[in-house]
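Keep in mind that what you see is a predicted model, and the values were worked out from it rather than measured. In the text below, chain A, chain B and the rest are named by the order of the sequence lines, each starting its count at 1.
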Number of protein chains: 2
Amino acid sequence: MLKKLDPLLHSELRLAIMSLLITLEKTEFTYIKEQTEATAGNLSVQITKLENAGYLIVKKGFKGKMPQTTCSITKQGREAFEKYVADLKDYLKL
Amino acid sequence: MLKKLDPLLHSELRLAIMSLLITLEKTEFTYIKEQTEATAGNLSVQITKLENAGYLIVKKGFKGKMPQTTCSITKQGREAFEKYVADLKDYLKL
DNA sequence: TAAACTAGTTTATAAAATAAACCAAATTAT
DNA sequence: ATAATTTGGTTTATTTTATAAACTAGTTTA
């Protein structure tokens, strides 16, 4: 029987965000925006969802005088990602 | 850069349907319903979407006196599934 | 022959994704 | 100096999607 996929990760943009974070460990909002080609609004919403789930943490500071938001993945987020990959493999026949 | 995922396949239920069809080649509606634990209504809707996209074909007949709907994957469906798997691998770091 | 079940479809509702509008401050041009 | 533009976002509204509820048509069982 196929496992239920984590609905929080089964979203193209959120998966892309997590995919970046899993290799980069710490990433700026603007960089994620560039890489994913998402709109800022959409990105903001999806990052907040991942934050609320405890999959990443958001730090707000400044780079020079400009505001800067950085995200980093949590242990919980990493584990959720790995579980998602494992669950999905059954669907993909991998 | 991450590839855009086929939105038709990036749906848990539709992916489960395609996942069944890709190995079984021909499958009854009722069997898909059992395996996926989806409601009949939801399943009917999602099968129609896959049919409209040309990813599967639906045949209606009878098993004894009872109506029977069977689905089978098309070449196009198989190719779309394979492309989806390939695209998704980048997200999953596989 | 009435009640319950099978095999679905259609339609309505809930949830999710996305875009549009907005805000505050910084930078650039006049 | 100040007006216009850009940066870095958030909030809210709209669209899309997923899901569930209600319905249809016929069959089997009591």
Whole Å only: how far is the NZ atom of Lys33(B) from the C1' atom of dC5(C)? 12 Å

At under 4.0 Å between heavy atoms, what does Ser44(B) touch on the DNA or RNA strands: base, sugar-phosphate, or nothing? base

Please tabulate, for side-chain N and O atoms in residues 52-67 of chain A, each donor-acceptor pair with protein atoms closer than 3.5 Å (sequence neighbours left out).
unit_1   : atom_1 : unit_2   : atom_2 : d
Asn52(A) : ND2    : Thr48(A) : O      : 3.4
Tyr55(A) : OH     : Asp6(A)  : OD2    : 2.6
Lys60(A) : NZ     : Thr69(A) : OG1    : 2.9

Other residues, nucleotides and ligands only: do more than 12 of their heavy atoms fall within 6.0 Å of NZ on Lys75(A)? no

Salt bridge Glu79(B)-Lys83(B), side-chain N to carboxylate O under 4.0 Å: no

Under 3.5 Å, which protein N or O atoms sit close to an N or O of nucleotides 15-22 of chain D? Give each pair with its distance.
unit_1  : atom_1 : unit_2   : atom_2 : d
dA18(D) : OP1    : Arg14(B) : NH2    : 3.2
dA18(D) : OP2    : Arg14(B) : NH1    : 2.6
dA18(D) : OP2    : Arg14(B) : NH2    : 3.2
dA18(D) : OP2    : Lys49(B) : NZ     : 3.4

Pull out every protein N or O sitting under 3.5 Å from an N or O of nucleotides 25-30 of chain D, one pair per line with the distance.
none

What closest approach, in Å, do Phe29(B) and Ala40(B) show between heavy atoms, and which atom pair accounts for it? CZ-O, 3.6 Å

Between CG of Leu43(A) and P of dG8(D) the distance, given in whole Å, is 13 Å

Quick one: label Lys63(A) by what it contacts on the DNA or RNA (base, sugar-phosphate, nothing), any heavy atom closer than 4.0 Å. nothing

Using whole Å, what does the distance between atom P of nucleotide dA17(C) and atom CG of Leu8(B) come to? 16 Å

Could you check whether Glu28(B) pairs with Lys33(B) (Lys NZ or Arg NE/NH1/NH2 to Asp/Glu carboxylate O, under 4.0 Å)? no

With the threshold set at 4.0 Å, does a side-chain nitrogen-carboxylate oxygen contact exist between Arg78(A) and Glu25(A)? yes

Name the orientation class of the two ring planes belonging to His10(B) and His10(A) (parallel below 30°, tilted from 30 to 60°, perpendicular beyond 60°). parallel

Return the value, rounded to whole Å, for the distance between atom CG of Leu50(A) and atom P of dA16(C). 13 Å

Check the phosphate of dG9(D) against Thr69(A), side-chain N and O only, distance under 4.0 Å to OP1 or OP2. Yes or no? yes

Protein-nucleotide distance (Asp6(A), atom CG; dA16(C), atom P), rounded to Å: 12 Å

For Ile17(A) and dG9(D), what is the distance between atoms CD1 and P respectively, to the nearest whole Å? 13 Å

To the nearest Å, give me how far apart CG (Leu5(A)) and P (dA16(C)) are. 14 Å

Would you mind reading off the distance between Asn52(A) atom CG and dA15(C) atom P, rounded to a whole angstrom? 17 Å

Heavy-atom distance under 4.5 Å between the side chains of Tyr91(B) and Met18(A), does that happen here? no

Within the distance-only criterion (no hydrogens, no angle test), does the side chain of Arg14(B) pair as donor or acceptor with the backbone N or O of Lys49(B) below 3.5 angstrom? no

